[in-house]
There are 2 protein chains.
Amino acid sequence: MTVGRRAGSYVCGVDAAMDVIGGKWKVLILWALHMRPHRFGELRRELPGVTEKVLAAQLRELEADGIVHREVYEEVPPRVEYSLTPRGETLNEALEPLGAWGKANVLAEPVPAEPIG
Amino acid sequence: MTVGRRAGSYVCGVDAAMDVIGGKWKVLILWALHMRPHRFGELRRELPGVTEKVLAAQLRELEADGIVHREVYEEVPPRVEYSLTPRGETLNEALEPLGAWGKANVLAEPVPAEPIG
DNA sequence: CTGCACGCTTCCCCAGGGGTAACCACCCAC
DNA sequence: GTGGGTGGTTACCCCTGGGGAAGCGTGCAG
């Protein structure tokens, strides 16, 4: 398994990780799969503005990097479920501090002064 | 202070943070400034392949996002020093788990099969 | 006078990641 | 037969981020 597309040319771990999560929708996919497995259409509906082509491409890259697992059910209407691999779950855990930072420093921006509590 | 360029349209904290660190060289800049303040030329020499134009642009964005501090010394040969703001330092701390993940899962790749344990 | 070093800025150009839309194969409901 | 929903693929286009190279203003070295 080769993780990342720039194999071998990384300066440091963060650099390498950025290559894996660098797609426009990847962290949102991880965020969605963090909750529960998703079907393709579910993901598409939850990511505002993503197209099938791009979603499929990002999922394929994440799959190639061993982050998501793709399970095909040979059923009457074809069903495919995407879930996090163990490696994907550890990645999501590693992203949590970053998410907290973003929430505190980017999302919660219009803070005039001290929070009340 | 408005952090990020997509202000207000973020899905979650990770998404927002990715907007701040999304440039090609930004995490490497953070990584370098993590150690000590750097002059422009120092940074350029430490980042293999970055051009002045791009380095200046990334630094400006990081400055606009309150991540790096730019100190100009009105000296004989103009001198400029870049350092992390407190917010930049917390960002770097939030990136550490991601760096560890990348080091373990991307850099240390030649793992043949199952881990022994 | 020329050149270099500093820390940029400006202009131009290119690749590629992402967006748009159509199509596919299957089955069911209408 | 038509349309909708499943999960895609393919072809094409476009925009933006990034790369290349040169200029700028100052002062010193040669």
Side-chain angles (χ1 to χ4, degrees), chain A residues 4-7 9-11 15 18-30 32-33 36-65 67-83, chain B residues 4-7 9-11 15 18-30 32-33 36-65 67-83:
Chain A
R5 264 137 266 93
R6 259 165 58 203
S9 66
Y10 301 110
V11 172
D15 184 26
M18 288 297 296
D19 189 29
V20 173
I21 60 174
K24 183 169 180 181
W25 304 94
K26 288 188 182 173
V27 296
L28 300 183
I29 293 172
L30 292 186
L33 296 186
R36 58 193 158 86
H38 278 67
R39 303 184 54 178
F40 185 87
E42 278 182 317
L43 277 173
R44 187 158 69 93
R45 282 184 291 272
E46 286 190 22
L47 305 189
V50 74
T51 64
E52 290 107 335
K53 173 203 153 189
V54 173
L55 178 56
Q58 306 258 314
L59 283 169
R60 259 158 225 301
E61 290 190 2
L62 287 173
E63 191 195 357
D65 286 346
I67 306 299
V68 309
H69 171 67
R70 182 169 183 265
E71 184 82 34
V72 182
Y73 298 89
E74 304 284 0
E75 295 178 358
V76 182
R79 186 160 67 96
V80 180
E81 272 196 359
Y82 294 92
S83 55
Chain B
R5 264 137 267 90
R6 261 165 56 203
S9 67
Y10 301 111
V11 173
D15 184 26
M18 287 299 294
D19 189 28
V20 172
I21 60 174
K24 183 168 179 184
W25 304 94
K26 287 189 183 173
V27 296
L28 299 182
I29 293 172
L30 292 186
L33 296 186
R36 58 192 160 86
H38 277 67
R39 302 184 54 175
F40 186 87
E42 277 181 318
L43 278 174
R44 189 158 69 92
R45 280 184 291 271
E46 286 190 21
L47 305 188
V50 74
T51 63
E52 288 110 336
K53 174 205 153 188
V54 173
L55 179 56
Q58 308 259 312
L59 284 170
R60 260 159 223 300
E61 291 190 1
L62 288 173
E63 191 195 357
D65 287 345
I67 307 299
V68 309
H69 171 68
R70 181 169 183 266
E71 184 82 34
V72 183
Y73 298 89
E74 304 284 1
E75 295 179 358
V76 182
R79 186 161 67 98
V80 180
E81 271 196 358
Y82 294 91
S83 55

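Side-chain atoms are counted along with the backbone in the values below, which use heavy atoms only and exclude waters and symmetry mates. Within every chain, numbering begins at 1; the chains are lettered A, B, ... in the order of the sequence lines, protein sequences first and strands thereafter. Note that the structure is predicted; figures quoted are calculated from it, not measured.
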Phosphate oxygens OP1/OP2 of [N]: is one of them under 4.0 Å from a side-chain N or O of [X]?
X	N	value
A/R45	D/dT6	yes
A/R39	D/dG7	yes
B/R44	C/dC8	no
B/R79	C/dG7	no
A/R60	D/dG8	yes

Write down the distance between [atom1] ([X]) and [atom2] ([N]), rounded to a whole number of angstrom.
X	N	atom1	atom2	answer
A/E42	D/dG5	CD	P	15 Å
B/E74	C/dC8	CD	P	11 Å
B/E52	C/dA5	CD	P	12 Å
A/L59	D/dG7	CG	P	11 Å
A/R5	C/dG16	CZ	P	14 Å
B/I29	C/dG7	CD1	C1'	15 Å
A/E81	D/dG7	CD	P	10 Å

Going by heavy atoms in the side chains, are [X] and [Y] under 4.5 Å from each other?
X	Y	value
A/F40	A/L59	yes
B/R70	B/V68	no
A/L43	A/W25	no
B/L28	B/E46	no
B/K24	B/V54	no
A/M18	B/K26	no
B/I67	B/E61	no

Pick out the pairs of N or O atoms, protein on one side and nucleotides 17-20 of chain D on the other, that lie under 3.5 Å.
| from | atom 1 | to | atom 2 | distance (Å) |
| --- | --- | --- | --- | --- |
| D/dG18 | OP1 | B/K24 | N | 2.7 |
| D/dG18 | OP2 | B/Q58 | NE2 | 3.0 |
| D/dG18 | N7 | B/K53 | NZ | 3.4 |
| D/dG19 | OP1 | B/K24 | NZ | 3.0 |
| D/dG19 | OP2 | B/W25 | NE1 | 3.3 |
| D/dG19 | N7 | B/K53 | NZ | 3.1 |
| D/dG19 | O6 | B/K53 | NZ | 2.1 |

(request) Name the nucleic acid region contacted by B/Y82, choosing base, sugar-phosphate or nothing; use a 4.0 angstrom heavy-atom cut-off, strictly under. (result) sugar-phosphate
(message) Classify A/P78 by what it touches in the nucleic acid, base, sugar-phosphate, or nothing, heavy-atom distance under 4.0 Å.
(response) base
